[in-house]
Peer 1: 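One structure follows; several queries about it will come next.
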Amino acid sequence: MQLRPALALARGQWCKLICGASFHHLPTIHNLALIYTLAGVDCIDLAADPAIVQAAQAGIAQAQALQPNLHPPWLMASLNAGEDPHFRKAVIAGSCPPDCPQPCLQVCPPHAIAPSLPIQISEALCYGCGRCQPVCPYQSLTMNYFAVSAGEVLPRLLHLGIQAVEIHTQVGELPAFRQIWQVLQPWVAKLALVSISCGDGPELGSYLRSLLEVMQPRPALLIWQTDGRPMSGDLGVGATRATLNLARKVLDLHLPGYVQLAGGTNIATMPKARQLGIPVAGVAYGSYARHLVAAAAEHQDLTRYPDLLWASVAQARTLLNTVKTLPESGSQDLYLSRGSPPTW
């Protein structure tokens with residue numbers, strides 16, 4: 001039986017799909033929402049753009065038309081407090097000579113770079129992974145960072161019905177975080193969940209505690225997303241090591257809220273977390289989850305190819321089941337192994 005999102009979170013069976021804070025390709029967003037809603041995902045993390053939210057909602061509605069008893073996933077919009085690798089796009093900054101072997105084509109996960117001279121980059125498809133830049137033999141590629149204007153987009157996104165917001169931050173960016181929280185503050189009571197995504201860094205514990213002091217009023221539900229190795233889950237099972245180490249570090253801080261893995265997550269992540277006894281609330285899957293169903297997600301009308309659709313749903317379920325299928329001893333509430341649920 002599919003759990004409602006809040007219950008999945010409490011039981012340590014939370015699964016989030018990361019579509020990408022910089023990913024703006026509407027047909028693919030629609031299909032990813034369709035596939036992963038049918039697979040039973042609890043939350044879909046999106047770029048803070050009304051058109052993106054509406055594309056995801058259309059995919060969810062299509063999934064519910066196929067399976068009316070499905071609980072719809074929560075929709076989450078990503079915001080950034082300061083410069084962040086999730087909020088950038090690759091751009092051409094120099095020349096692309098005729099004899100260039102174009103290694104960038106081989107390393108681009110969403111195929112955002114077209115094989116032409118000079119190369120062309122699809123702004124909608126690029127999600128800023130940065131893999132193209134270091135392989136360019138002529139240093140002709142660079143990354144353009146951008147900031148989401150929370151004050152402009154939040155009212156529109158809430159009107160559309162999003163249930164959650166994620167703030168991407170890094171150690172040392174407290175002023176930027178405080179600024180974005182001031183914008184978010186009037187809307188916190190309307191949200192089911194707020195997630196804080198942060199990578200490792202010196203004095204991480206004191207930084208996260210400082211964020212807690214800023215977060216007034218406190219959200220109904222809070223997730224600490226341990227962004228171990230951003231946008232790398234499709235590189236291999238070893239990419240998950242960083243987020244597991246970071247999760248241990250954050251859990252040891254005993255902060256109120258849930259700890260959720262991200263950054264380098266793949267099919268090996270949750271089994272390894274359970275093997276190591278790391279009591280996280282769940283996992284967010286990004287590049288690995290998208291790569292898993294890429295062949296189906298690129299179709300214009302996926303429902304016209306039912307065999308491909310349901311094969312992709314089965315693949316997605318295989319990934320989600322690494323989280324959803326608990327060992328016999330792990331079927332109790334997540335907090336029972338850590339004492340009483342923390343209070344604000």
Side-chain angles (χ1 to χ4, degrees), residues 16-25 29 45-49 52 76-93 104 107-113 121-136 139-150 165-177 179-180 195-202 204 207-208 211 223-236 238-247 250 260-266 269 283-291:
K16 184 176 80 170
L17 169 67
I18 303 173
C19 284
S22 297
F23 192 60
H24 296 83
H25 193 250
I29 296 290
D45 187 355
L46 303 161
D49 182 307
I52 299 298
M76 173 184 285
S78 278
L79 307 172
N80 55 324
E83 190 173 281
D84 188 278
H86 298 87
F87 296 80
R88 63 185 186 181
K89 299 279 189 181
V91 295
I92 303 170
C104 55
V107 300
C108 180
H111 309 295
I113 304 175
I121 302 174
S122 168
E123 184 177 357
L125 284 170
C126 176
Y127 60 80
C129 71
R131 298 180 199 176
C132 58
Q133 189 177 15
V135 303
C136 178
Q139 291 79 53
S140 297
L141 294 167
T142 189
M143 308 302 295
N144 270 5
Y145 289 80
F146 65 92
V148 174
S149 176
V165 163
E166 181 162 277
I167 304 173
H168 291 252
T169 186
Q170 298 181 52
V171 175
E173 294 186 343
L174 186 60
F177 183 90
Q179 185 176 17
I180 202 168
S195 174
I196 308 299
S197 181
C198 189
D200 204 351
L204 176 67
Y207 182 66
L208 297 185
L211 300 186
I223 284 178
W224 301 100
Q225 177 168 282
T226 56
D227 195 9
R229 186 177 172 183
M231 297 176 282
S232 64
D234 58 323
L235 294 178
T240 201
R241 187 178 298 112
T243 191
L244 294 174
N245 290 336
L246 182 54
V250 175
Q260 173 227 281
L261 303 168
T265 52
N266 49 51
T269 300
V283 185
Y285 298 109
S287 54
Y288 183 87
R290 298 192 300 266
H291 177 75

Peer 1: Given side-chain contact (heavy atoms from CB on, under 4.5 Å), test Val148 with Ile180 step by step and report yes or no.
Peer 2: CA-CA 10 Å; Val148 174; Ile180 202 168; over 6 Å; no

Peer 1: If you take all heavy atoms of Trp224 and Leu208, which pair is closest and at what distance?
Peer 2: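 Minimum heavy-atom contact is CH2-O, 3.8 Å.
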
Peer 1: So Ile52 and His24, do their side chains get closer than 4.5 Å, heavy atoms only?
Peer 2: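 Yes - at least one pair of side-chain heavy atoms lies under 4.5 Å apart.
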
Peer 1: Are Ile121 and Leu141 packed together at the side-chain level, in the sense that at least one heavy-atom pair is separated by less than 4.5 angstrom?
Peer 2: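 Result yes, sub-4.5 Å side-chain heavy-atom pair found.
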
Peer 1: In chain order, what residues pass the side chain to side chain contact (heavy atoms under 4.5 Å, CB included) check against Pro85, with sequence neighbours excluded?
Peer 2: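 Checked Pro85 against side chain to side chain contact (heavy atoms under 4.5 Å, CB included); matches are Arg88, Gln170, Met231.
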
Peer 1: When you check the side-chain N and O atoms of Asp227 and His86, is any donor under 3.5 Å from an acceptor?
Peer 2: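 There is such a pair between these side chains.
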
Peer 1: Step by step, would you call Ile167 with Asn80 a side-chain contact (heavy atoms from CB on, under 4.5 Å)?
Peer 2: CA-CA 6 Å; Ile167 304 173; Asn80 55 324; over 6 Å; no

Peer 1: Any non-hydrogen side-chain atom of Cys129 less than 4.5 Å from a side-chain atom of Pro109?
Peer 2: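 Touching, per the 4.5 Å side-chain cut-off.
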
Peer 1: For Asn144 and Lys89, indicate whether the former's side chain and the latter's backbone hold a donor-acceptor pair under 3.5 Å.
Peer 2: no

Peer 1: Please report the shortest heavy-atom distance between Leu261 and Ala247, naming the atom on each side.
Peer 2: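 That would be CD2-CB, 3.4 Å.
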
Peer 1: Between atom CD1 of Ile223 and atom CD of Gln260, what is the distance when rounded to the nearest 0.5 Å?
Peer 2: 5.0 Å

Peer 1: Which residues pass the side chain to side chain contact (heavy atoms under 4.5 Å, CB included) test with Ala77, sequence neighbours left out?
Peer 2: Ala48, Leu157, Ile162

Peer 1: With no hydrogens and no angle check, is any side-chain donor or acceptor of Asp49 less than 3.5 Å from a backbone partner on Phe23?
Peer 2: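 Not a single qualifying donor-acceptor pair exists.
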
Peer 1: According to side chain to side chain contact (heavy atoms under 4.5 Å, CB included), who are the partners of Leu235, at least two apart in sequence or on a separate chain?
Peer 2: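 With sequence neighbours excluded, Leu235 shows a side chain to side chain contact (heavy atoms under 4.5 Å, CB included) to Arg131, Arg229, Ser232, given in chain and number order.
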
Peer 1: Can I get a per-line list of side-chain donor-acceptor pairs under 3.5 Å for residues 238-246, giving both atom names and the distance, sequence neighbours left out?
Peer 2:
from   : atom 1 : to     : atom 2 : distance (Å)
Thr240 : OG1    : Thr269 : OG1    : 2.6
Thr243 : OG1    : Thr226 : O      : 2.7
Thr243 : OG1    : Thr226 : OG1    : 3.1
Thr243 : OG1    : Ala262 : N      : 3.2
Thr243 : OG1    : Ala262 : O      : 2.8
Asn245 : ND2    : Arg241 : O      : 3.4

Peer 1: Taking CD in Gln133 as the centre, count heavy atoms belonging to other residues, nucleotides or ligands within less than 6.0 Å. Is the count above 12?
Peer 2: yes

Peer 1: If every non-hydrogen atom of Ala81 is compared with every non-hydrogen atom of Glu173, which pair is closest and at what distance?
Peer 2: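 So the minimum-distance heavy-atom pair works out to O-OE1, 2.5 Å.
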
Peer 1: For residues Ile196 and Phe177, determine if any side-chain heavy atom of one lies less than 4.5 Å from a side-chain heavy atom of the other.
Peer 2: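 Ile196 reaches Phe177 side chain to side chain.
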
Peer 1: For residues Tyr207 and Leu174, determine if any side-chain heavy atom of one lies less than 4.5 Å from a side-chain heavy atom of the other.
Peer 2: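 SC-SC contact between Tyr207 and Leu174 confirmed.
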
Peer 1: According to side chain to side chain contact (heavy atoms under 4.5 Å, CB included), who are the partners of Asp45, at least two apart in sequence or on a separate chain?
Peer 2: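 Expected list: Lys16, Ile18, Met76, Ser78, Glu166.
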
Peer 1: Not counting sequence neighbours, which residues clear side chain to side chain donor-acceptor pair (under 3.5 Å) with Asp200? List them please.
Peer 2: Lys249

Peer 1: Which pair of non-hydrogen atoms, one from Ile29 and one from Cys19, has the smallest distance, and what is that distance?
Peer 2: CD1-CB, 3.6 Å

Peer 1: Mind listing the closest non-hydrogen atom pair of Ala112 and Leu125 along with its distance?
Peer 2: CB-CB, 3.7 Å

Peer 1: Looking only at heavy atoms, which two atoms of Gly233 and Asn266 are closest? And how far apart?
Peer 2: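 Gly233 and Asn266 have their closest heavy atoms at O-ND2, 3.3 Å.
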
